[in-house]
K.L.:
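Once you've had a glance at the structure underneath, I'll fire off some questions.
A, B, ... follow the sequence lines: proteins, then strands. Residue 1 opens every chain.
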Amino acid sequence: MVTKNIASDQKVKAMSLVEVRTFIEHLAKENPDAKSELNYTSPYTLLVAVVLSAQATDASVNKATEKLFKVASTPSEIVALGEEGVAQYINSIGLWRAKSRNVVALSTQLLEQHDGNVPGERQALEALPGVGRKTANVVLNIAFNQSTMAVDTHIFRLGNRTGLALGKDVLAVEKALVRRIPKDLLRDSHHWLILHGRYICKARKPECWRCPATIVCHYPNKNLG
DNA sequence: AACTCGGGGCA
DNA sequence: TGCCCAGAGTT
């Protein structure tokens with residue numbers, strides 16, 4: 001997917017490990033109580049929300065799930081609602097046909113294979129329809145307290161732009177981040193990075209003058225206002 | 001590696 | 001109008 005929106009076609013130098021630590025510690029200070037901005041109240045609604053969030057803004061997803069979860073917030077309730085029923089709540093976000101299909105199929109599979117619970121193992125999660133590596137990483141991080149790094153479009157862009165973690169695809173960037181970020185900071189780094197990428201290190205017109213870590217950033221086109 | 005799904009937000 | 005959005009599945 002993602003290689004087109006790096007917003008820099010110039011060569012970027014990788015950060016040193018010292019710079020990586022400095023960068024992460026600055027982001028931690030910037031956003032001390034970072035958490036997901038998606039709307040969820042359980043591992044199941046988290047899973048559904050993340051599946052729905054693919055290539056959509058979280059504001060549009062939250063608008064849909066706010067209504068949907070009021071009607072159906074468990075696998076059996078979603079299955080009872082059916083694809084058409086789910087679709088009527090989520091057709092304001094893109095990819096809604098496939099997402100309606102996946103959410104119902106995923107819920108059916110949870111009931112049939114996992115007693116209606118969200119599994120805490122990567123393999124079982126990625127076997128669910130509509131769930132790939134990124135979604136599994138988010139669920140493992142938030143619902144199962146694991147130090148995974150879920151790389152979305154924001155983190156991919158930020159990693160390549162700043163030199164924090166270079167890679168041609170999301171998996172390469174994920175591995176670089178896991179390898180380079182201090183272990184004790186890895187789990188929360190997911191939240192710090194995604195929020196920083198979203199509000200400051202933006203795809204268009206990054207607001208580098210607001211960034212607490214420009215001193216260690218290798219982005220050649222810094223927008224310092 | 002490239003293609004497809006996709007409506008809404010925003011400049 | 002064109003770009004971008006808390007990606008995944010298929011060819």
K.L.:
With side-chain contact (heavy atoms from CB on, under 4.5 Å) as the criterion, how do A:R161 and A:V12 come out once you've worked through the C-alpha distance, each side chain's angles and the decisive distance to 0.1 Å?
P.N.:
CA-CA 7 Å; A:R161 176 187 278 172; A:V12 175; 6.0 Å; no

K.L.:
Could you go over nucleotides 9-11 of chain C and give all protein N or O partners under 3.5 Å, atom names and distances?
P.N.:
| from | atom 1 | to | atom 2 | distance (Å) |
| --- | --- | --- | --- | --- |
| C:dG9 | OP1 | A:G130 | N | 2.9 |

K.L.:
Rounded off to whole Å, could you give me the CZ-to-C1' distance for the A:R101 and B:dT4 pair?
P.N.:
12 Å

K.L.:
Nearest whole angstrom, please: distance from the C1' of C:dG7 to the NE2 of A:H154.
P.N.:
12 Å

K.L.:
Rounding to an integer number of Å, can you tell me how far A:W96 CH2 sits from C:dG7 P?
P.N.:
20 Å

K.L.:
Can you check the distance between B:dC5 and C:dT1, where both ends of the measurement are the P atom (answer in whole Å)?
P.N.:
22 Å

K.L.:
Grab the CG-P distance between A:N62 and B:dG8 for me, whole Å please.
P.N.:
16 Å

K.L.:
Under a 4.0 Å threshold between the charged nitrogen and the carboxylate oxygen, would A:E25 count as salt-bridged to A:K29?
P.N.:
no

K.L.:
Is there a side-chain polar atom (N or O) of A:R198 under 4.0 Å from OP1 or OP2 of C:dC4?
P.N.:
no

K.L.:
Under 4.0 Å: is that the gap between some side-chain N or O of A:T153 and OP1 or OP2 of C:dG7?
P.N.:
no

K.L.:
Would you find a donor on one side and an acceptor on the other, under 3.5 Å apart, between the side chain of A:S42 and the backbone of A:T45?
P.N.:
yes

K.L.:
Closer to the 5' end of DNA chain B via nearest nucleotide, is it A:L95 or A:K63?
P.N.:
A:L95

K.L.:
Taking atom C1' of C:dA8 as reference, at what distance in whole Å does atom CG of A:L125 sit?
P.N.:
15 Å

K.L.:
If the P atom of B:dG6 is compared with that of C:dT11, how far apart are they to the nearest Å?
P.N.:
16 Å

K.L.:
Could you measure between the two P atoms, the one in C:dA6 and the one in B:dA2, and give it in whole Å?
P.N.:
25 Å

K.L.:
Using atom C1' in both nucleotides, what's the gap between C:dC5 and B:dA1 to the nearest angstrom?
P.N.:
22 Å

K.L.:
Which residues, if any, of residues 188-196 of chain A bring a heavy atom under 4.0 Å of DNA chain C?
P.N.:
A:H190, A:I194

K.L.:
Using whole Å, report how far CZ of A:R204 lies from P of B:dC10.
P.N.:
10 Å

K.L.:
How close or far is atom P of C:dA6 from atom NZ of A:K99, stated in whole angstroms?
P.N.:
11 Å

K.L.:
Want to settle it: does A:K205 or A:A56 sit nearer the 5' end of DNA chain B, counting the closest nucleotide to each?
P.N.:
A:A56

K.L.:
Measure the distance from CD1 on A:I90 to C1' on B:dG6 and round it to the nearest whole Å.
P.N.:
11 Å

K.L.:
Does B:dG6 have OP1 or OP2 sitting under 4.0 Å from an N or O in the side chain of A:R97?
P.N.:
yes

K.L.:
Tell me whether A:D115 at atom CG has more than 12 heavy atoms from other residues, nucleotides or ligands lying less than 6.0 Å away.
P.N.:
no

